[in-house]
Amino acid sequence: MIEVKQVSKQFGGVSAVKDVSFLAPAGQVTGLLGPNGAGKSTTLRMLYGLLVPDTGQVFIDEINVAENTRLAQSRLGVMTDNHGLYARLTAREHIHYFGRLHGMESEQVEARASELITLLGMGPIADRRTHGFSQGERTKVCMAQCLVHSPGNVVLDEPTNGLDVMTTRIVREVVQELRVMGITVLFSSHLMHEVARLCDNIVIVSMGEVVAEGTTEMIKLLAQEDDLEDAFVKLVEQVIPL
Amino acid sequence: MRPFAVVLVKECLDGVRDRRAVLSALIFPVLAPFLVYFLIHTMIELRSQDKDMLVAVQGADNAPHLMAWMAEKGVEFSVATGDPKTLVSNQSEELVLVIPDNFAARIAEAKTSYVELVSDSSRNDSRITVARVRSLVRGYNSELASLRLIVRGVSPEVMSVISIVDSEVASQQEIATSVLSFIPIYIVLAAFISGMGIAVDSTAGERERKTFEALLINPVSRLQIVLGKWVAATLFAVLGMSLTLVLCMLVMSYVQIEELGLRFHVSALQVIAMLLATLPLAFLATSMQMLVGIFAKSFKDAQSYIGFLVLLPMLPGLYTMFNPIKTETWMYAVPMLGQHLLLTDVMGGVAVPVVGYFLSPMAVLLLCFVFSAITARLFKRESIIFS
């Protein structure tokens, strides 16, 4: 379970996130939806402990991230939006490295790596160095890295950005599976249809503020639009000063 | 396994596979001994060259006795034709010795004879020859002068009021060491060059590849990450340093340094002591490089800053090369100066006070930990993680 409570963050006098609160319950997929620059990544960075909020708190499984950062981080699996890899390590070595950093034993990591390689369909690339990997292949490695320690909470920052249909489907399947396993999934995106398809709950942010929260039906009702995309645009534009 | 060790193992694996890092770790240690060999070989060559020197002379027939006297001292002559000044300025001759027609006549009259030495003092390569010809002519002059005095029944000692007798207190090994002072500089350089690849790749490289954020989300203390990276880079630096030292010493045992009138012998124990004395520098080099590396956004960016760092450890070496100083105990506590003193003393076979062996690594390691702690702090800075 991930709980964000009245979190704010400023960068050089500019408010990136203003008083954001939401809850991502266990066994559900929560979508953090917003246009580019809405404050999604900043919110997520405070959530996984790399940015310190100016005010407010974040709790992972009721652990205060600011007070007990490492314990909270050990409950989290994070896939950042930049998909950076070590060019000279193989896909399997990446999984191994992150598993070991989470304190897993060598045999434990080996077994888990094989499991993830099958799950994500990475067989043919598992023992290749990641130099020259396609965007889809990179995403798979990052996904495996993020899931290696079997975290109870998973944060995916724009996971389907720039992916082809096949890889997007794999990502979706994995997210579904995580939900079934009772894991908290927090998913950020700027793609309406992506979120509508996958998420149980949607949190819409714009200009660093939460403008709507609820199921797709509730969002449509709130905006008084039949189409979710229209509803999204309407809600987002409400807070943008003209 | 501690997270520190996990990072260490990963960085070593990454480093060994990095051709750029491996090359920079190995090229210098392999190249330096060749340079040592080449330098000493050239010194020996220069020495043996002045045994048989070729001098261009104009008017040799005017002074057959002087020619014969110089030939006895190992000088060979060639005949210079044309304007001597042109010959020297267009570099076809190093120097030209011009003997005028009245040379013999003036000597016979017991008057001062003049010879003209045409040379170009802006040319480094001719300086030794010019100095040697000058001293030969002076030698001939004083020999003839003495004979003139004896003929007149005066002792030649009348002319020599004071004579200097050279007396050397430095041991042969110490003289050799001062001649070979470029070897410690090479070893220090090796420490800075060999670990640089990994030190930069694991800091600036991590930012460039955008892997930094994902790494820091792991539940591991920043200090452990920094220590792992630091020790990995240091291992490379130590490897490069040891290789340079051992290969240099190996080359020294092959080269005929006796030809320079020097004696140089270093035992295996001394090599080990030298290695131990300089080992802390490897830690210092990589900790400084990581600190600089973490400020840089890319490998290239980092390299342009780190170039200046290499100059730092060379300062004490260069300074003492031109301004010999008397070693005081506190000097061992000055990072880099301490290592330089230890290295030259051990190489020269001079006894080092035991406190020196402790003081110098302690001072350096303290500085290292300060640098690493600052680096670990920077690992928390938002502007560095996300840029």
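Heavy atoms only: backbone and side chains are in, while hydrogens, waters and symmetry mates are out. Note on naming: letters A, B, ... go to the chains in the order of the sequence lines (proteins, then strands), and numbering restarts at 1 for each one.
With no hydrogens or angles considered, no side-chain donor-acceptor pair links A:Tyr86 and B:Glu11 at under 3.5 Å.
Of the atoms belonging to B:Ile225, not a single heavy atom falls under 4.5 Å from chain A. The part of B:Arg222 that comes within reach of chain A is its side chain, from C-beta onward, which places non-hydrogen atoms under 4.5 angstrom from that chain. Heavy atoms of A:Thr80 lying under 4.5 Å from chain B belong exclusively to its side chain. With a threshold of 4.5 angstrom between heavy atoms, B:Gln224 does not approach chain A through any atom at all. There is no contact between B:Val9 and chain A, counting heavy-atom distances below 4.5 Å. Within the 4.5 angstrom heavy-atom criterion, no atom of B:Phe212 approaches chain A. Only the side chain of B:Ile385 comes within less than 4.5 Å of a heavy atom in chain A; its backbone stays farther off. A:Phe11 touches chain B through its side chain: at least one heavy atom from C-beta onward sits under 4.5 Å away, while N, CA, C and O do not.
For the pair A:Val52 and B:Glu382, the tightest heavy-atom approach, listed with the atom from each and the gap, is N-OE2, 3.7 Å. The two residues B:Asn218 and A:Gln73 have their closest heavy-atom pair at O-OE1, 3.4 Å. Between B:Pro3 and A:Leu101, the shortest heavy-atom contact is O-CD2, 4.3 Å. Nearest approach of A:Leu85 to B:Arg209, heavy atoms of both residues: O-CD, 3.5 Å. Pairing each heavy atom of B:Asp201 with each of A:Arg88, the nearest pair is OD2-NH2, 2.7 Å.
Interface check for chain A: of the options B:Leu13, B:Leu215, B:Ile217, B:Val220, the most heavy-atom pairs under 4.5 Å are formed by B:Ile217.
B:Lys380 NZ to A:Thr69 OG1: the interatomic distance, rounded to the nearest 0.5 Å, is 8.5 Å.
For A:Tyr48, the OH atom counts as densely surrounded, since its 6.0 Å shell holds more than 12 non-hydrogen atoms of other residues, nucleotides or ligands.
A salt bridge does not link B:Lys10 with A:Glu93: every distance from a Lys NZ or Arg NE/NH1/NH2 to an Asp or Glu carboxylate oxygen is 4.0 Å or more.
Looking at B:Lys210 and A:His83, their side chains never come closer than 4.5 Å, going by heavy atoms from C-beta outward. B:Thr211 is not listed as a side-chain neighbour of A:Asn82, based on a closest heavy-atom distance of 4.5 Å or more.
Along residues 140-161 of chain A, the residues that come nearer than 4.5 angstrom to chain B, judged on non-hydrogen atoms, are A:Gln145 in order of number.
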Discussion item. With side chain to side chain contact (heavy atoms under 4.5 Å, CB included) as the criterion, how do B:Arg17 and A:Leu89 come out once you've worked through the C-alpha distance, each side chain's angles and the decisive distance to 0.1 Å?
Written reply: CA-CA 9 Å; B:Arg17 286 182 188 170; A:Leu89 296 190; 4.0 Å; yes
